[in-house]
Structures are given as structure tokens and as C-alpha cells.
Amino acid sequence: MHKKILFAIIAMAAFMSPASATVITFDGLGTNTDKPVSVDGFTFDYLDENGWCICSTGASSAQISNGTDQILIRDTGDRDSTISMSVDSGLFSLQSFLGADGLLGIGQRTIEVTGFLFGGGTVTESFITTADTQSLYSLSAAFTGLTAVNFHSFGDSGDGMALDNITVNSEINGEVPEPAPLALLGLGLLGLGFARKRRK
């Protein structure tokens with residue numbers, strides 16, 4: 001009997017484990033120049049651009065890549081462009097992304113990330129690219145309860161931005177989903193039953 005109760009507790013704990021993060025890789029889409037384009041429940045658009053695609057290095061003539069498809073933008077010559085990202089439904093948190101100045105690969109460009117909060121307000125963090133390097137950039141916990149994010153690329157040199165492996169979490173009412181109250185009650189009852197059996 002103890003084994004059955006223990007098994008039930010383990011199964012319920014697994015059922016209630018927090019939702020895992022989703023990594024948007026842009027892989028398997030082929031070369032895509034739609035504007036906007038939907039990927040994994042998010043809509044991506046390109047602002048102040050002269051060229052854009054979801055594609056591999058070879059297809060885009062980009063010098064920076066991790067060897068897989070990514071989302072790329074080239075600006076209009078003013079060294080300033082933006083990729084916007086909005087969730088198709090609900091809210092999300094942004095954890096991290098791979099970023100680079102995607103075409104010339106000379107570094108020292110700023111990627112300014114602005115998150116638009118549910119109910120109003122924004123949060124912003126900035127990162128500086130490194131020449132010929134696709135870097136992992138991590139966002140603070142403030143990037144929670146978001147409806148959209150802008151990745152704004154600008155600098156004195158270079159003319160593009162590449163993004164890949166964007167890590168997000170879906171949310172409900174601005175919070176990562178918690179275990180259902182009934183499931184918590186059931187777990188508590190199982191624990192009480194187990195303790196009672198042990199006392200006997």
C-alpha cells in the first residue's frame with residue numbers, strides 16, 4: 001500500500017512540475033521573407049529595414065551564424081533597425097537569446113531589448129555585440145508579463161542584426177503557470193494518508 005501511495009505522490013508531482021521554457025530556433029522553415037511571419041505562437045515583424053529573412057548563413061550571405069536558420073534584418077543605411085516580436089495569445093517572459101550584428105560582423109553594435117508589459121509600461125536592457133561572434137544574452141526577471149518585445153539594433157558601423165534561440169516562457173496573467181489548486185489539495189491528502197499509515 002505504501003508503494004501505491006508513494007507512486008501516486010510522484011506521479012502528481014510530475015504532473016504539477018512548472019512549464020518548461022520554449023526555445024524559438026527558426027529551424028525547419030526554409031528561407032522565409034514573409035512580413036510579418038508567425039513562428040511557434042509568436043508574430044515577428046521587421047521595422048526600418050532594407051532586407052530581412054528567416055534563413056541560414058548561405059542564403060543570406062551573413063557572416064555570423066551558429067550553423068542553423070536564424071532571423072536576420074538589414075537596415076536602410078541609417079544603421080538602425082528593429083525586429084518586433086509579439087505573442088499570438090496570452091503573455092510571456094523573455095529569458096535569453098543569441099544575438100549578433102548579422103551581416104558585416106564587425107561588432108560594437110547595440111542590441112536594445114524593450115519589453116512591453118501587460119497593463120502598460122516597458123522594461124529595457126541593452127547589449128553590445130562582439131565582432132564575428134554570436135553571443136548569448138540573458139534578460140533580467142523584469143522581462144515577465146510581456147505582450148511584445150522589440151529588438152532594436154543600432155551603432156556607428158555595421159548594418160544588420162541576427163537573432164536565434166530566443167528562450168521564452170508562456171504565462172497566465174503575468175505569472176508562470178502554477179500547479180492547479182485541486183492538484184495541490186490531492187497531493188496534501190495523499191501526504192496525510194501516507195503519514196497516518198506510517199503511524200499505524
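Numbers here simply count residues along the sequence, with the first being 1. Keep in mind the model is a prediction, meaning the values are calculated, not measured. Worth knowing before you read on, the calculation uses all heavy atoms, side chains too, and leaves out hydrogens, waters and symmetry mates.
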Are [Y] and [X] linked, directly or through intermediate hydrophobic residues, by side-chain heavy-atom contacts shorter than 4.5 Å (ILVMFWY only)?
{"X": "Val149", "Y": "Phe116", "value": "no"}
{"X": "Ile166", "Y": "Val39", "value": "yes"}
{"X": "Leu29", "Y": "Val37", "value": "yes"}
{"X": "Trp52", "Y": "Phe154", "value": "no"}

Rounded to the nearest 0.5 Å, what's the gap from [atom1] on [X] to [atom2] on [Y]? Could you check?
{"X": "Phe97", "Y": "Gln70", "atom1": "CZ", "atom2": "CD", "value": "13.0 Å"}
{"X": "Thr167", "Y": "Ile24", "atom1": "OG1", "atom2": "CD1", "value": "8.5 Å"}
{"X": "His152", "Y": "Ser81", "atom1": "NE2", "atom2": "OG", "value": "7.0 Å"}
{"X": "Glu112", "Y": "Ser153", "atom1": "CD", "atom2": "OG", "value": "10.5 Å"}

Test side-chain contact (heavy atoms from CB on, under 4.5 Å) applied to [X] - qualifying residues, sequence neighbours left out:
{"X": "Glu125", "value": "Phe127, Leu139, Ser140, Phe143"}
{"X": "Thr129", "value": "Asp101, Arg109, Ile111, Tyr137"}
{"X": "Leu117", "value": "Val123, Leu146"}

At their closest point, which heavy atom of [X] faces which heavy atom of [Y], and how far apart are they?
{"X": "Asp69", "Y": "Gly30", "value": "OD2-N, 4.1 Å"}
{"X": "Asp75", "Y": "Asp80", "value": "OD2-N, 3.1 Å"}
{"X": "Cys53", "Y": "Thr33", "value": "CB-CG2, 3.8 Å"}

Could you list the donor-acceptor pairs under 3.5 angstrom formed between side-chain atoms of residues 41-49 and any protein atom two or more places apart in sequence or on another chain?
| from | atom 1 | to | atom 2 | distance (Å) |
| --- | --- | --- | --- | --- |
| Thr43 | OG1 | Asp88 | OD1 | 2.7 |
| Asp48 | OD1 | Thr76 | OG1 | 3.3 |
| Glu49 | OE2 | Lys35 | NZ | 3.2 |

Fill in: side-chain contact (heavy atoms from CB on, under 4.5 Å) between Thr147 and Leu91, worked out
CA-CA 5 Å; Thr147 59; Leu91 306 175; 3.6 Å; yes

Worksheet item: In this structure, which one of Leu72, Ile71, Asp164, Asp27 forms a side-chain contact (heavy atoms from CB on, under 4.5 Å) with Ile54?
Response: Ile71

Worksheet item: Can you check side-chain contact (heavy atoms from CB on, under 4.5 Å) on Met161 and Phe151, steps first, answer last?
Response: CA-CA 9 Å; Met161 172 173 56; Phe151 297 90; 4.0 Å; yes

Worksheet item: Where the side chain of Arg79 meets the backbone of Asp156, is there a donor-acceptor pair that is under 3.5 Å apart?
Response: yes

Discussion item. I'd like to know if the side chain of Thr133 and the backbone of Ala131 have a donor-acceptor N/O pair within less than 3.5 Å.
Written reply: yes

Worksheet entry | By side-chain hydrogen bond (donor to acceptor under 3.5 Å, both in side chains) - contacts of Asp34 (at least two apart) | none

Worksheet item: Around atom CD of Gln108, are there more than 12 heavy atoms of other residues, nucleotides or ligands at under 6.0 Å?
Response: no

Item to complete: In sequence, state the C-alpha distance, the side-chain angles, and the governing distance for Ile83 and Leu163, and then conclude on side-chain contact (heavy atoms from CB on, under 4.5 Å).
Response: CA-CA 9 Å; Ile83 294 175; Leu163 304 175; 4.0 Å; yes

